[in-house]
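The structure appears right after this line, and notes come after that.
Quick caveat, the model's predicted, so the values are computed rather than measured. In what follows, every heavy atom counts, from backbone to side chain, and hydrogens, waters and symmetry copies are set aside.
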Amino acid sequence: MTAVESQRLAKYFGKTCAVYSASFTLPRGEFMALLGPSGCGKTTMLRMIAGLEKPDKGKIFLDGHLVASEEIFVPANRRRVGMVFQDYALFPHMTVEKNIAYGLVRGSSQKVIVDQMLELVGLSGMKNRYPRELSGGQQQRVALARALAPQPSILLLDEPFSNLDTALRVQVREEVKRIIKEAGVSTILVTHDQDEAMSMADTIGVMLRGTIEQIGSPRILYEKPKSLAIANFLGETNHIPGEAQGNKVLTALGELPLQTPMQGSVEVLLRPSDLVFSSNGHGTPAMVSHTTYYGHRQTIWVKIADATLLKMTGDAHTDYKTGDTIQIGVKHPVVAFPRYS
């Protein structure tokens, strides 16, 4: 069953179009990320689903029920939607326990639900603390517990990790992913962080210029992007010109196999991990320009004969020096896009 369906949504703020003809479907129980740069309309999309903004055009269905159209608008408090905001929006004068209980109906079951939520998010011993006495990661989990306590049909997360430092962000998002999977709630995450979307979501919708350009699994989007714009947004890329001839393309790196047959002038997409070091004498000569060391890996910038600079991912234990001559090749059939002059 479908948890969320949006049909050609549009939202204007004055003369500015924030969202244009955006459509997607979220199956029940799945985790979806809306990924895009700042200003692409992803938070506006989330707010329309939550009932905090009314769409100017299009329709929204939650669990098969129409909740928003040009004629119908069901307010936020009548939608079974939980939301975690970027700043968590915790009440500073309330304890953890009271923050989680805030949206619940008073009664004998309230304490039971709060205790269940505290256990789910790993904060059972902290119910009497105030938000100021918690770390950023703990505050984030309280906000998540409060959103889950009323047993929403859909959970919406608006850039929930952006206020955390890098190391904590990775740890907390793994915890949040586990909690959401245990709760079994259909979830939409809004983020501009590619690693966050790729590591957490079952499905990603890439938003650019106010609309959803492509939807798919993280692997499909990374390996088979529909456009160079999507490819550039989803990870590091190299571009080299080529001449496509059916199942192959002629480039400065030699003749490469194509994922999809094409003809004519193209722009070939190469991820740094697609480039490999060749030791059998059949690679393309390249000169090491410079390297960047990260501990667990390193990035090697190499220059080929036509002066094109390419980025590769390499073994952190090999010490490449500027000026070293190496040979490189490509390990997979490549993706290419028509090149327009």
Electrostatic pair [X]-[Y], nearest N-O below 4.0 angstrom:
{"X": "Arg169", "Y": "Asp195", "result": "no"}
{"X": "Glu182", "Y": "Arg178", "result": "yes"}
{"X": "Glu213", "Y": "Lys226", "result": "no"}

Say whether, by atom type as modelled, one donor and one acceptor occur between the side chain of [X] and the main chain of [Y] under 3.5 angstrom.
{"X": "Thr95", "Y": "Asn128", "answer": "no"}
{"X": "Lys321", "Y": "His290", "answer": "no"}
{"X": "Arg146", "Y": "Ile100", "answer": "no"}

Exercise. Lys59 versus Ser6: any side-chain heavy-atom pair under 4.5 Å?
Worked result: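 Sidechains of Ser6 and Lys59: no contact.
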Exercise. Just wondering, do Leu157 and Ile180 contact through their side chains at under 4.5 Å, heavy atoms?
Worked result: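 They are in contact (side-chain heavy atoms under 4.5 Å apart), so the answer is yes.
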Exercise. Do Lys57 and Glu70 pass the salt bridge (Lys or Arg N to Asp or Glu O under 4.0 Å) test, and can you show the C-alpha distance, the side-chain angles, and the key distance before you say yes or no?
Worked result: CA-CA 6 Å; Lys57 294 180 181 178; Glu70 293 181 52; over 6 Å; no
Problem set entry | Cluster link Ile304 to Phe277, ILVMFWY, side chain under 4.5 Å |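 Yes, it is one cluster - the side chains of Ile304 and Phe277 are joined through contacts under 4.5 Å.
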Exercise. Pick one: which of Arg28, Arg219, Lys181, Lys177 meets salt bridge (charged side-chain N to carboxylate O under 4.0 Å, His left out) with Asp202?
Worked result: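 With Asp202 as partner, Arg28, Arg219, Lys181, Lys177 yield a single salt bridge (charged side-chain N to carboxylate O under 4.0 Å, His left out), made by Lys181.
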Exercise. Got a sec, which residues hit salt bridge (Lys or Arg N to Asp or Glu O under 4.0 Å) with Arg271, two or more places apart in sequence or on another chain?
Worked result: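 With neighbours one apart ignored, the set is empty.
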Exercise. Which heavy atom of Thr237 sits nearest a heavy atom of Ala231, and at what distance?
Worked result: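 Taking every non-hydrogen atom into account, CG2-O, 3.4 Å.
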Problem set entry | Pairs flagged by side chain to side chain donor-acceptor pair (under 3.5 Å) wherever residues 154-166 is involved - sequence neighbours left out |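 Residue pairs passing side chain to side chain donor-acceptor pair (under 3.5 Å), neighbours aside: Thr43-Asp158, Gln86-Ser162, Glu159-His192.
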For this session: Would you please classify the geometry between the His93 ring and the Phe91 ring as parallel, tilted or perpendicular, with 30° and 60° separating the classes?
Result: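 Answer is perpendicular, since the angle exceeds 60°.
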Exercise. Does NZ or CZ of Arg79 lie under 6.0 Å from the centre of the six-membered ring of Phe73, at an angle within 45° of the ring axis?
Worked result: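 Ring-cation test returns yes.
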Exercise. Taking the six-membered ring of Tyr222, is NZ or CZ of Lys224 closer than 6.0 Å to its centre and within 45° of its axis?
Worked result: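 Not satisfied by the 6.0 Å and 45° rule.
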